[in-house]
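Read the structure below first, then the notes.
Just so we're on the same page: letters track the sequence lines, and every chain starts at 1.
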Amino acid sequence: MNSSASVSSARAAGAYDRLDPRVRFWIREQGWDRLRDIQVQGIEAVLESEADVLVAAATAAGKTEAAFLPVLTHVAGRDDSGLAVLYISPLKALINDQFRRLEQLCELLELPLVRWHGDAPRGPKTKLVAKPRGVALITPESIEALLIRRPADARRLFCALDFVIVDEVHAFMTGPRGLHLASLLKRIDAFAPRPARRIGLSATIGDLGAAAVWLRPSEPARVRLLQSDVTGLDLQLQIRGYLEPKAVAPVQQTEPAEDAVLQREPACALEAIAEHLFANLRGSNNLVFGGSRRTVEALADQLRRRAEEAEVPNEFFPHHGNLSKELREELETRLKDGLLPTTAVCTSTLELGVDIGSVQSVAQIGAPRSLASLRQRLGRTGRRLGMPAVLRIYVREGACDERSDLMDALRVDTVRAVAAIRLLAARFVEPPAFPDPALATALLHQVLSVLTERGGARADAVYQALGGPGPFASVTPSDFAELLRGAARAESGLIEQAPDGTLMLGAGGERLVQARDFYALFESADEWRLIAGTRPLGTIPLSNAIVPGKLVVFAGRRWLVEEIDEQARVLQVSAHHGGVIPKFDRLSVEAAHDRLAAEMRLVYAADDVPPYLDRQAAAFLAEGRAAHRRLGLQTATSLDTGRDVHLFLWRGDALCHVFAAALALFGLQAEPHDLGVTVRWATGEDVRTGLGRIAAFRADDLDRFTEQVQGVQSAKFDAHVPEPLLRRFWGRRHARLWGDLAPLATSLLGSFARQASHNGDRAHASADQRL
DNA sequence: GACCTGCTGCGGCATG
């Protein structure tokens, strides 16, 4: 059921009256003059039905209270043993925030409220296990730890849950962590005679139906979907273009001589962007999303130096996942307190979760690749009534001449920025991608976890515990048997089978489960820890070659490495005036959706100049469109430069990657990119042959194709999964795209044929069609 | 040409 009508005041009063008198007292104490729409809807859904509930609303719309006010009303006065409410969050910091918000309310209701994560105090946890009651706020990894280390305690805690509340559901809908939590929820359900009701809290998401499937896989249709009124987004927007100077060397990537770093770096687009940010953001609170940790450090460094040169207090500070908790919290507190103007230059760390108050503007370096993420970032600005959201997008493009690369000439970043804004206006948000590449790893992890929790179990019991509707619904009994056989192989030794058929952990399985990093389903790397005096600054990857005397830019400042403790992996550093930005290991790029690529094609074909472009960005757009026309890309989908062959697919990353893999089968070196794939060092003839083979693909060729795909191991425990099984899962994941390959190849062949006749007309046309 | 997230149990000690 969808419900998004604005609620009447009579309805709001009715909802208020249904709350426990102590909850109403608490509301009055807060000084609230009315309940928000989403809270009224939440009260009705929780107290007037037995259904699961999904609450989707923008940040700061009062989602937490929409769930907790009625839930606490419902469980107040309950006195059976066991927790009544389990709240699950992806972040420890969010748990601490929620704890502060709920502390007083729970005290009024005489309900114990316990934070349960790795950094939370132990005393209250011990007390809770002794007398399980009330509400626990927990992370998925702490649930995992409870199940495998203290299964009896877990059973006592979870045997009588009335509600499971999952915060930031959208953050769990893709990726290994979402599979993990979904499996844990299923296992927790089995502890109780009656499964707890589930309540999901989420930001505005594209596909509420998919979220309902995640929340209650066995009965998604019975999930009540609540959405707050979506008011039109009042947005002040600018896309600013910056030309990267061609003649100047790129920003220093390698180790320079020590004295070289004392000089100012060469002028580059990022410096010009820093100049603009410095001039426009000082004096207020803002977020600048840099896109990578490297860019964040470079920008923070530039901005600090400008403050020093201007002899004014610095207001710009970096924030990313490698910075120490202390530094990050200092900045978060400074933003939230609002006593000093502050701009955080961040990666996606400040995109969700912790309360940092409202900021005046959001800046984004580089064009967005995800509308979900852009929307979430915009949610951080203009939240006070009547204030518009302010967004600045800074795009950088390379200088072009007749030898420039095709992609530079097409001004792809500028066009993608315009396309993203058009999709923002159309309210498009990407749906989650199912199923996740980490499926096999998650299944193996949960098999080991169930065997540990139960001290051994028969295979059919484990399958029953994990299979069926839920994260592993697509896993067949024979898939499962193959996974178990792989885990029992001598070289893995993860599990063993007793003569009576019971499965138990083997020596290898014991080692894996005993390791401290078993609790999380995502991987983590070993890193150097940087410490200045006694102050922890954060970490950098071990892949950075470190010698004493090395200079490092980190945490927005410059440091000299004084001492290295190889054993403890600690670098003692002191302040210095020079520095080089460290390497942060990159894994992949953020995937763009089909719809974004399709919208880019429309932007190329259109001729309007959006008013939100500055002069340089408008020039980039005009140049990109001119190149698009000159190359005939309105109709052509292939382009043979004589050295490379470009195939324009106008699809998202998923399809472009599969298409590149298909071409690779025929010995063609194909690189996927934003608009399609580029086949390197190939003749048109080679590519035509390859396309002909792809055009002949039939549905049942997928299996043969899958057998030859490279790089199917991608997740944490994939090394312990039989490769044929990984391949089978890969094939199923791509089955939906498979049917698109042959028609695409056929249409590309048509484009080749038209181009050939066109080139024939121009008898002496140059083979080199680069611009 | 990406980003983020999490973590036991126990013994021993100091402290209120």
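Each of A:R150 and A:S348 was matched to the nucleotide of DNA chain B holding its nearest heavy atom; the match closer to the 5' end belongs to A:S348. Mapping A:R416 and A:G321 onto DNA chain B via the closest heavy atom, the residue that lands nearer the 5' end is A:R416.
Among the heavy atoms of the strands, none lies under 4.0 Å from A:P368. Among the atoms of the strands shown, only primed sugar atoms or phosphate atoms (P, OP1, OP2) are found under 4.0 Å from some heavy atom of A:R149. Residue contacts for A:T347: at a heavy-atom cut-off of 4.0 Å it reaches the sugar-phosphate backbone alone, with no base atom in range. Note on A:S373: nothing from the nucleic acid sits closer than 4.0 angstrom, heavy atoms only. Among the heavy atoms of the strands lying under 4.0 Å from A:H673 is at least one base atom, whether or not backbone atoms are also near. Among the protein residues, A:D119 comes within range of no part of the nucleic acid, since none of its heavy atoms lies under 4.0 Å from any strand. Counting any heavy atom pair closer than 4.0 Å across all strands shown, A:R328 reaches sugar-phosphate atoms only and no base atom. Within 4.0 Å of A:R293, counting heavy atoms only, lie sugar-phosphate atoms of the nucleic acid but no base atom.
Contact annotation: A:T139 reaches the phosphate of B:dC7 (side-chain N/O to OP1 or OP2, under 4.0 Å). In this structure, A:S524 does not reach the B:dT5 phosphate: none of its side-chain N or O atoms is under 4.0 Å from OP1 or OP2. OP1 or OP2 of B:dG9 has not a single side-chain nitrogen or oxygen of A:K125 nearer than 4.0 Å.
Below 30°, between 30° and 60°, or above 60°: for A:F648 and A:H673 the angle between ring planes is above 60°, a perpendicular geometry. Under the 30°/60° scheme for interplanar angles, the aromatic rings of A:H628 and A:W650 are found to stand perpendicular. Between A:H320 and A:F554, the two ring planes are perpendicular [angle over 60°; tilted spans 30° to 60°].
A:M504 and A:G456 make their closest contact through CG-CA, 4.3 Å (heavy atoms, listed as atom of the first residue, atom of the second, distance).
Considering only side-chain atoms of A:A145, the nucleotide from B:dT8, B:dC4, B:dG6 that sits closest is B:dT8. Each of B:dG6, B:dT5, B:dG1 was ranked by its minimum atom distance to the side chain of A:R369; first place goes to B:dG1.
A:W214 places none of its side-chain heavy atoms less than 4.5 Å from the side chain of A:L179. Put simply, the side chain of A:V135 does not reach to within 4.5 Å of the side chain of A:L86, judged on heavy atoms. In this structure, the side chains of A:W116 and A:I95 stay at 4.5 Å or more apart for every pair of heavy atoms.
You can call A:F522 stacked on the base of B:dT5; the centres are under 5.5 Å apart and the planes sit within 30°.
Note: CD1 (A:I143) to P (B:dT8) measures 13 Å, nearest angstrom. The CZ atom of A:R511 sits 22 Å away from the P atom of B:dT8 (whole-angstrom rounding). B:dC4 atom P lies 13 Å from atom CZ of A:R177, rounded to whole Å. Look at CG on A:D585: it is 12 Å from P on B:dC4, rounded to the nearest Å. For the pair A:L270 CG and B:dG1 P, the interatomic distance rounds to 13 Å; values are reported in whole Å. Taking atom NZ of residue A:K716 and atom C1' of nucleotide B:dT5, one finds them 12 Å apart after rounding to whole Å. One interatomic measurement links the two molecules: CD of A:E527 to C1' of B:dT5, which rounds to 13 Å at whole-angstrom precision.
Between A:F518 and A:H445, the ring center distance clears the sub-6.0 Å criterion.
Put simply, the residue from A:D674, A:L675, A:I393 that forms a side chain to side chain contact (heavy atoms under 4.5 Å, CB included) with A:R416 is A:D674.
The base of B:dG6 does not come close enough to the side chain of A:D517 for any donor and acceptor atom to sit less than 3.5 Å apart.
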Enumerate the protein-to-nucleotides 11-16 of chain B contacts in which both atoms are nitrogen or oxygen and the separation is below 3.5 Å.
none

